[in-house]
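Notes to accompany the following structure.
Every chain is numbered from 1 and lettered A, B, ... according to where its sequence line falls, protein lines coming before strand lines. Excluded from the calculations below are hydrogen atoms, water molecules and symmetry mates; all remaining heavy atoms, backbone and side chain alike, are included.
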2 protein chains.
Amino acid sequence: MKKIKKNITIHDIARELKLDSSTISRALSDSPRVGIKTKERVLSKAKELGYRRNQMASNLRTNKTMTIGVVVPYISRHFFSEAIDGIEQTVADKDYRVIISQSHDDYKLEKKILDGLFMNRVDGLLISASMETPDSSHLSIFKDNRIPVVLFDRYFENGGLSKVIFEDKQGANDLTQHMINQGCKKIFHLAGSIDSQIYQQRYQGYREALKKNDLEFKESFVKPSSLTAEDAVEIIKEILKDKKNLPDALVCGNDISALAIMKYLDEHTEIRVPGDICIGGFSNEPASDLIKPGLTTVDQHPFMIGKTAAEMLLDFINNKEKAFRSSNTVEIKSSLIVRGSTLKKKKKIIKKNNIK
Amino acid sequence: MKKIKKNITIHDIARELKLDSSTISRALSDSPRVGIKTKERVLSKAKELGYRRNQMASNLRTNKTMTIGVVVPYISRHFFSEAIDGIEQTVADKDYRVIISQSHDDYKLEKKILDGLFMNRVDGLLISASMETPDSSHLSIFKDNRIPVVLFDRYFENGGLSKVIFEDKQGANDLTQHMINQGCKKIFHLAGSIDSQIYQQRYQGYREALKKNDLEFKESFVKPSSLTAEDAVEIIKEILKDKKNLPDALVCGNDISALAIMKYLDEHTEIRVPGDICIGGFSNEPASDLIKPGLTTVDQHPFMIGKTAAEMLLDFINNKEKAFRSSNTVEIKSSLIVRGSTLKKKKKIIKKNNIK
DNA sequence: AAAAACTATACAATCGATTGTATTTTTTAT
DNA sequence: ATAAAAAATACAATCGATTGTATAGTTTTT
């Protein structure tokens with residue numbers, strides 16, 4: 001009967017073969033300093049005993065963990081789970097592992113998580129900062145210890161950190177322009193937190209499009225929101241109260257809020273989309289393609305964002321000078337997915353305006 | 001100017017305070033063997049130097065990693081990302097971290113991942129097996145080394161492992177019964193892989209409901225499918241070809257396929273849901289509540305499944321005898337969410353049949 | 001005041017793998 | 001055949017924290 005001894009180490013193999021543990025270590029890592037015959041004996045004995053390298057011991061000695069820390073606000077949000085998918089696939093390919101944590105948009109928790117990840121001596125960090133995070137000061141420990149960090153999606157201006165972001169401004173601009181092309185004149189904006197760069201950018205893009213087309217704008221067109229389904233419903237109710245000032249289009253900060261509003265309008269009002277109001281969002285949630293009419297949205301390519309960020313990080317890990325000599329920003333291109341929710345002029349394909 | 005030395009260790013603190021590193025270690029873990037004054041000096045010096053414990057060294061010595069391995073087929077699927085959310089929150093509360101990997105339903109990759117997780121000496125493992133996984137043989141290394149394992153959602157009969165599963169059979173039964181109550185007579189089933197316990201169970205639940213109600217059943221009512229949106233469309237096309245044998249209800253193995261079919265019917269046929277055909281699915285995808293009519297679905301409570309599995313695992317980690325003395329199976333209750341896609345008798349609330 | 005009991009701290013081994021240096025063995029060259 | 005070169009393996013230190021044992025210093029007991 002084969003007995004499987006627990007937690008076999010290289011010393012166990014060494015003892016059985018009457019060799020030194022250093023030879024075993026070298027044999028297992030295929031070092032040229034070990035004879036081919038010995039290598040074979042070691043490999044076969046390792047298999048026989050069910051040896052598995054203790055990664056922690058190895059990590060301690062080599063000061064490398066083959067582990068990447070990933071911090072996001074919420075794992076289960078479509079955008080983040082797609083981004084994590086991209087990250088995981090990219091790094092797993094190179095035999096890295098990911099430790100994933102969620103900050104729940106809580107700065108204190110985020111700090112605690114970063115501390116833990118540092119103690120685990122991750123080889124690199126990918127983080128999409130919480131809404132509350134004011135700056136990158138809590139990342140300094142990574143910088144001080146030359147552990148590469150790449151931000152993705154959410155970021156901050158200061159800090160000079162490398163990042164992979166989405167061209168939010170352009171996306172919002174395109175979306176708004178598209179609505180204008182459809183003949184919309186009074187376009188409201190459901191805006192996310194002003195503390196967040198990304199929602200700021202979306203707001204800017206919206207503003208610029210209005211300006212470029214000489215369309216009316218008032219501060220009251222902008223409705224700050226948490227962009228949850230519930231909050232969106234509250235806001236549309238509010239908007240509808242002022243019957244003299246109804247918008248004919250609504251640029252929502254995300255799909256979740258846009259979808260909630262469409263559902264509300266359909267179930268509780270006579271207002272029709274896109275006939276009475278055009279609606280657009282961000283993120284291309286799966287539902288956006290399933291409802292009727294489909295929701296026009298700015299696709300953020302979250303998988304690609306995750307993949308790109310992971311590739312950049314791996315590059316930094318392998319070329320540390322790069323990581324700390326300068327900072328790198330990659331902007332992932334947006335693409336506007338036009339669906340029924342903004343198609344007043346139906347079926348006709350509208351080309352981009354060439355107004356200078 | 002304060003210089004932050006890289007990678008401060010307890011030895012650095014010891015040197016500065018002219019103490020032994022063992023005293024530092026004990027002071028930092030608040031051992032009663034260190035005087036209170038010394039503790040204070042150590043703590044303040046640690047802070048001053050920016051000391052962070054090297055978890056790897058600690059892990060190696062204590063043979064504990066405070067890390068849980070999580071393996072799922074696809075991170076970005078709604079069900080799994082919700083389950084991971086539940087897992088992460090539960091274990092993070094107890095200061096555990098999660099290493100998350102995806103098997104892409106590939107058995108070979110799954111084996112490789114498990115090997116890696118074992119080498120990292122995770123304290124426990126949560127796994128939702130890949131479709132291809134035939135048995136638990138690749139988990140034996142965890143058993144042999146007394147590392148607790150809890151399966152969730154996907155599982156296998158043999159192996160005697162603890163698991164948290166969903167009552168798929170009951171869910172399918174309830175869904176089918178509900179359709180029958182609505183007056184449906186010819187109910188088809190879009191079935192998932194027969195290799196998977198969960199789809200087997202759903203099929204069984206469907207069958208039992210038909211039998212209990214003495215409804216017609218033929219093998220041809222069951223359509224095997226990969227349950228992707230694309231495949232579902234192919235299958236509904238196929239079904240519609242046989243005009244003499246159209247179903248008046250369709251129990252789909254998941255929401256994704258149900259949603260795809262509803263969209264197809266709406267866009268390409270005259271068939272109306274629920275008027276001509278009732279449709280139901282599994283998982284309560286976010287879109288199911290947003291489309292019109294809403295999709296009736298069996299809610300699987302993925303967050304709760306993840307949370308429960310994580311709690312069970314933590315319990316096993318802290319009580320190892322429990323983990324290996326017996327096996328434990330928790331079945332998470334299903335709940336049927338009735339929406340428009342199955343409501344022929346509109347608005348009337350239908351109570352469960354009491355037919356014995 | 002000496003012995004006993006207790007505190008606080010130091011010493012040293014250990015976890016398992018890696019790696020620079022030293023030594024032994026084998027091969028090649030003369 | 002012997003020296004030199006090369007190959008294979010052994011020795012020993014190390015990564016940083018933990019922990020059992022030993023020792024120095026202090027307080028209590030009688």
Side-chain angles (χ1 to χ4, degrees), chain A residues 5-43 45-46 49-67 116 118-123 145-147, chain B residues 5-43 45-46 49-67 116 118-123 145-147:
Chain A
K5 207 202 147 207
K6 316 304 167 210
N7 277 322
I8 304 293
T9 73
I10 52 173
H11 303 289
D12 298 315
I13 301 178
R15 198 177 324 107
E16 295 234 353
L17 296 179
K18 298 194 193 310
L19 286 169
D20 189 80
S21 63
S22 62
T23 301
I24 310 298
S25 173
R26 289 193 167 96
L28 290 172
S29 57
D30 204 26
S31 152
R33 281 177 56 176
V34 177
I36 184 137
K37 257 187 154 170
T38 309
K39 266 182 200 169
E40 277 164 12
R41 288 175 63 217
V42 170
L43 250 39
K45 181 58 81 176
L49 297 178
Y51 171 80
R52 295 294 200 300
R53 169 203 276 119
N54 184 322
Q55 200 63 54
M56 248 112 47
S58 172
N59 290 346
L60 177 60
R61 183 60 227 253
T62 59
N63 209 29
K64 216 171 182 304
T65 56
M66 298 302 282
T67 301
F118 178 76
M119 292 203 302
N120 267 273
R121 300 294 193 271
V122 291
D123 290 341
N145 286 278
R146 296 181 65 78
I147 297 175
Chain B
K5 206 203 148 204
K6 316 304 169 212
N7 277 322
I8 304 292
T9 73
I10 52 173
H11 303 289
D12 298 315
I13 301 178
R15 197 178 324 107
E16 296 234 352
L17 296 179
K18 298 194 194 312
L19 286 169
D20 189 80
S21 62
S22 61
T23 302
I24 310 298
S25 173
R26 289 193 167 96
L28 290 171
S29 57
D30 205 26
S31 151
R33 283 177 55 175
V34 178
I36 184 138
K37 257 187 153 169
T38 309
K39 266 183 200 169
E40 278 165 12
R41 288 174 63 217
V42 170
L43 250 41
K45 181 59 80 176
L49 297 178
Y51 171 80
R52 296 293 201 300
R53 169 201 278 117
N54 184 322
Q55 201 62 55
M56 249 113 47
S58 173
N59 291 345
L60 177 60
R61 183 59 227 254
T62 59
N63 208 31
K64 218 174 180 300
T65 57
M66 298 302 282
T67 301
F118 179 76
M119 293 203 302
N120 268 272
R121 299 294 193 271
V122 291
D123 290 340
N145 287 278
R146 297 181 65 77
I147 298 175

- Note on the structure: With the side chain defined as heavy atoms from C-beta on, Arg53(A) is closest, among dA17(D), dT18(C), dT9(C), to dT18(C)

- Message: Counting the atoms with a prime plus P, OP1 and OP2 as sugar-phosphate, which does Lys18(A) contact under 4.0 Å by heavy atoms, base, sugar-phosphate, or nothing?
- Response: sugar-phosphate

- For the pair made of CZ in Arg41(A) and C1' in dT9(D), what is the distance, rounded to whole Å? 12 Å

- Note on the structure: Considering only heavy side-chain atoms of Arg61(B), the closest of dG16(C), dT19(D), dT9(C) is dT19(D)

- Message: Within the structure provided, determine whether Thr67(A) and Asn120(A) are in side-chain contact (heavy-atom separation under 4.5 Å).
- Response: no

- Query: Short question: side chain of Asn59(B), backbone of Met56(A) - any donor-acceptor pair under 3.5 Å?
  - Reply: no

- dG16(C) C1' sits how many Å from Asn59(B) CG, rounded? 13 Å

- Item | Proximal nucleotide (of dC11(D), dA17(C), dG16(D)) relative to the Asp20(A) side chain | dC11(D)

- Picking from dT19(C), dA10(C), dG16(D), the nucleotide nearest the side-chain atoms of Ser25(A) would be dT19(C)

- Out of dA10(D), dA17(C), dA17(D), which nucleotide sits closest to the side chain of Leu19(A)? dA10(D)

- Message: What's the closest nucleotide to the side chain of Arg26(A) if the choices are dG20(C), dT19(D), dT18(C)?
- Response: dG20(C)

- Would one find a side-chain N or O of Thr38(A) under 4.0 angstrom from OP1 or OP2 of dT9(D)? yes

- Task: Consider the side chain of Tyr51(A), meaning its heavy atoms from C-beta on, and name the nucleotide among dT21(C), dC11(C), dA17(C) that approaches it most closely.
- Result: dA17(C)

- Message: Can you tell me if Thr62(A) touches the phosphate of dT18(C), counting only side-chain N or O atoms and a distance under 4.0 Å to OP1 or OP2?
- Response: no

- Message: Taking the side chain as everything from C-beta on, heavy atoms only, tell me whether Val42(A) gets closer than 4.5 Å to Leu17(A).
- Response: yes

- Message: From the set dT9(D), dT9(C), dA17(D), return the single nucleotide nearest to any side-chain atom of Arg33(B).
- Response: dT9(C)

- Message: If the cut-off is 4.0 Å, is Ser22(B) near the phosphate of dT18(D), judged by side-chain N/O to OP1 or OP2?
- Response: no

- Asn145(B) (side chain) donor-acceptor with Ile147(B) (main chain) under 3.5 angstrom: no

